[in-house]
Structure formats: C-alpha cells, structure tokens
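Order of appearance sets the numbers: ligands from 1, and atoms from 1 within every ligand.
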Amino acid sequence: MRGCSRVRGLSLPSPTHELTFRGQKFSLKRDDLIHPVIGGNKARKLFFLFDYPKHIHTLVSFGSLHSNAMAALSFIAKERGWHFRYYAKLDQKTLAAPQGNLAYALENGMELRNIARLEQEWQIAKNLHSATLYQDGTLFVPEGARCAEAEIGIALLAKEIEEWAKDCKLEAVNIFLPSGTGTTALFLSKALAHTPHRVYTVPCVGDANYLQEQFLALSPDVSSHPTILEPPRKFRFGRLYRELYAIWHELKKNTGVTFDLLYDPVAFLTLLNTDKLSDKPLLYIHQGGLMGNPTMIARYKQKFGRI
Ligand SMILES: *Cc1c(COP(=O)(O)O)cnc(C)c1O
C-alpha cells in the first residue's frame with residue numbers, strides 16, 4: 001500500500017488466508033498480523049495519528065484498564081515520542097499485578113489518572129463523546145478510538161479488500177466482523193458502499209439498538225450502514241460463557257489461528273447460526289486483540305478448568 005512504509009513497525013497490506021471451519025470455507029483477513037503487539041483494528045483506527053497535521057506532545061484517552069485501544073495508543077505515543085495519559089477506574093487489585101494490555105501500556109510509559117478527573121479536566125460527557133479534541137499540543141482520543149479520523153485507516157482496509165477480491169476474481173463478497181463501538185464496521189461499510197461487497201456485523205457490547213445508535217452518531221446516512229445480525233443468544237460483554245471458550249478452542253485447533261476471546265467467539269457462533277451470508281464468498285476480518293487473551297484465559301481456567 002502506497003505511503004505506508006513510513007509507518008514504522010506496521011506491516012501493510014495484511015495478508016488474507018483461506019480456511020475451513022466445520023466444513024465451511026472462508027477467507028480470513030489477517031489484520032492481527034499488522035503488528036506483533038498492536039495488530040488489528042486499533043492499528044487501523046489509530047492510523048491517522050502517524051500523520052497528524054498538528055504538533056502533539058501529549059496524547060490523552062480513557063477507558064478500561066484491559067483495553068486493546070489503550071495498549072495501541074501507548075505504542076503509538078512511544079513511537080512518536082509523545083507523553084500518554086490515560087483515565088481509568090483505578091482498580092487496585094488489577095494495578096498490583098498488571099497483565100496483558102495494562103502491563104504493556106505501563107512499560108511504554110503510560111501515566112494513569114483516576115477517571116473521576118476526566119470530566120473536570122476535559123469538560124466532556126465521557127460516554128457520549130465521539131470526536132477527538134485538540135488543545136495546545138494535547139490530543140484527546142475518545143474511548144475505543146470512536147472518532148471521525150478512524151475513517152482514514154479503515155478506508156485503507158477497504159482498499160486492500162477491494163484489491164484482494166479483484167486479484168481473486170471475486171465479484172462480490174460478504175464481509176463479517178464483530179463490533180464493539182461499531183466504528184470499524186461502519187467506516188468499512190461506508191468505504192465499500194459503492195462496490196458490490198457487503199458488510200455484516202454483530203453487536204458484542206450492548207444490543208442491536210445500541211449499535212444502531214453508534215452508527216448514527218458517526219454517520220447519518222443509513223443506506224451505507226452495515227447489516228446487523230443478532231447473536232444466537234444474549235452474551236454480556238466480558239462475562240465468561242462455556243460455549244464461547246469452547247468455540248475459541250475449536251477454532252484454534254481446527255484452523256491453527258488464535259482469535260480473541262471477547263469478540264470473535266460471539267461472531268463465530270453468530271456465523272454458524274445464520275444463512276444470511278451464504279449468497280456470496282465470506283471474508284472474516286481478524287481484528288487482533290490477542291494481548292487481551294492472557295487475562296481472559298486465566299479467568300476461564302479458574303472458572304471452568306481445561307476443556
Ligand atoms: C476493539 C476491538 C473490536 C471492536 O471494534 P469497534 O471498532 O469498536 O467495533 C473488535 N475486535 C477486537 C479484537 C478489538 O480489539
């Protein structure tokens with residue numbers, strides 16, 4: 001991809017692999033391989049930071065202490081020589097023995113502040129805020145990088161998919177990816193709206209109505225929104241379910257690919273329970289998130305033992 005080589009450490013375009021799961025062939029876009037640590041959709045959504053038009057000395061964000069976005073922001077800040085400040089609920093037990101994303105972000109020099117200070121210091125309603133803010137060299141990025149600028153990196157993903165489909169002589173594909181804030185699915189769908197490719201997603205945080213609202217907040221044009229599929233049953237985000245752990249293991253064993261434990265298991269259960277995607281070849285996007293797995297695996301082992 002033109003212009004990407006300047007982004008140190010990111011390997012683009014990401015490869016696409018052919019896999020079979022439970023007798024169904026599908027293609028897998030390996031965005032998890034973009035970078036050994038921050039690979040996945042956070043690298044895409046935060047791509048704009050590598051080429052930000054204004055001078056930055058401090059990057060600010062907020063969210064959970066386990067967040068993949070937090071780890072990705074800490075990496076980019078370190079790469080660019082910026083200070084990184086992150087507001088979170090400062091859970092002492094988690095902070096006493098940092099693991100996964102948190103351990104990584106702290107190693108990169110992340111400064112933590114209590115989330116209670118965010119609204120005082122930035123005068124924003126944290127849950128509704130979905131735009132970056134720039135003030136004298138400090139750039140604020142909303143939770144999960146839910147912001148308009150995320151479109152820049154996701155448009156590159158769309159280009160890579162279009163080129164891959166052309167090379168494989170596939171006229172139209174169904175693209176499937178699980179959603180949190182829905183930012184990735186929405187901008188991907190928007191970028192591909194003029195093509196025969198269609199984007200489908202499943203809500204993993206909140207329900208279909210919540211996801212619809214997220215889409216509308218980012219883009220009022222409903223005709224370019226992704227199609228939302230319902231999961232086969234309700235899963236609370238971050239909770240442990242035996243069937244999610246089981247399908248994650250089965251995927252790893254039968255495809256050789258390690259998926260994330262928060263989003264991908266819900267997505268694959270949804271895929272196995274729908275026939276809406278069977279009219280075209282399927283492309284699944286691996287959005288990374290593997291650094292969050294050790295904490296999830298430890299929790300699963302404690303709850304269910306080995307499967
Ligand atoms: C952040 C993340 C998502 C959700 O992405 P959104 O753009 O917020 O919908 C999905 N999968 C993984 C692995 C993630 O890290």
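Numbered from 1 in the order shown, with element, the atoms of ligand 1 that lie under 4.0 Å from a heavy atom of Thr184 read 5 (O), 6 (P), 7 (O). Residue contact check: Asn68 has heavy atoms under 4.0 Å from atoms 14 (C), 15 (O) of ligand 1. Atoms of ligand 1 found under 4.0 Å from any heavy atom of Thr181 (numbered from 1 in listed order, with element): 6 (P), 7 (O), 8 (O), 9 (O). Residue Gln287 has at least one heavy-atom neighbour below 4.0 Å for each of these atoms of ligand 1: 10 (C), 11 (N), 12 (C), 13 (C).
Glu162 and His197 share no side-chain donor-acceptor pair at under 3.5 Å. Side-chain atoms of Asn41 and Asp31 include no donor-acceptor pair closer than 3.5 Å.
With distances taken over non-hydrogen atoms, the option nearest atom 3 (C) of ligand 1 out of Asn41, Asp32, Val266 is Asn41. Taking only non-hydrogen atoms, the option from Phe187, Phe259, Tyr263 nearest to atom 10 (C) of ligand 1 is Tyr263.
Ion pairing between Arg85 and Glu121 fails under the 4.0 Å rule for side-chain N and carboxylate O.
Between Val173 and Pro281, the closest side-chain pair of non-hydrogen atoms falls below 4.5 Å.
Distances shorter than 4.0 angstrom occur between a heavy atom of Gly288 and an atom of ligand 1. Residue contacts with ligand 1 include Gly182, since one or more of its heavy atoms lies under 4.0 Å from the ligand.
The cationic group of Lys54 lies under 6.0 Å from the six-membered ring centre of Tyr134 and within 45° of the ring axis, placing it in a cation-pi geometry.
Between Gly180 and ligand 1, at least one pair of N/O atoms sits closer than 3.5 Å. Distances between N or O atoms of Gly144 and those of ligand 1 include no value under 3.5 Å. By the 3.5 Å distance cut-off applied to N or O atoms, Asp260 is not counted among the residues near ligand 1. Remark: ligand 1 and Lys45 share an N or O pair separated by less than 3.5 Å (distance only, no angle test).
Counting only heavy atoms of the protein, atom 1 (C) of ligand 1 lies nearest to Lys42 NZ, 1.5 Å.
Close placement of the Tyr284 and Phe268 rings is indicated, their centers lying within 6.0 Å of each other.
The local environment of CD in Gln302 is sparse, with at most 12 non-hydrogen atoms from other residues, nucleotides or ligands closer than 6.0 Å.
Neither the backbone nor the side chain of Arg146 comes within contact range of ligand 1; no heavy atom lies under 4.0 Å.
To the nearest 0.5 Å, the span separating OH on Tyr263 from CD on Gln287 amounts to 8.5 Å. Rounding to the nearest 0.5 Å places CG of Asn254 at 10.5 Å from CG of Leu19.
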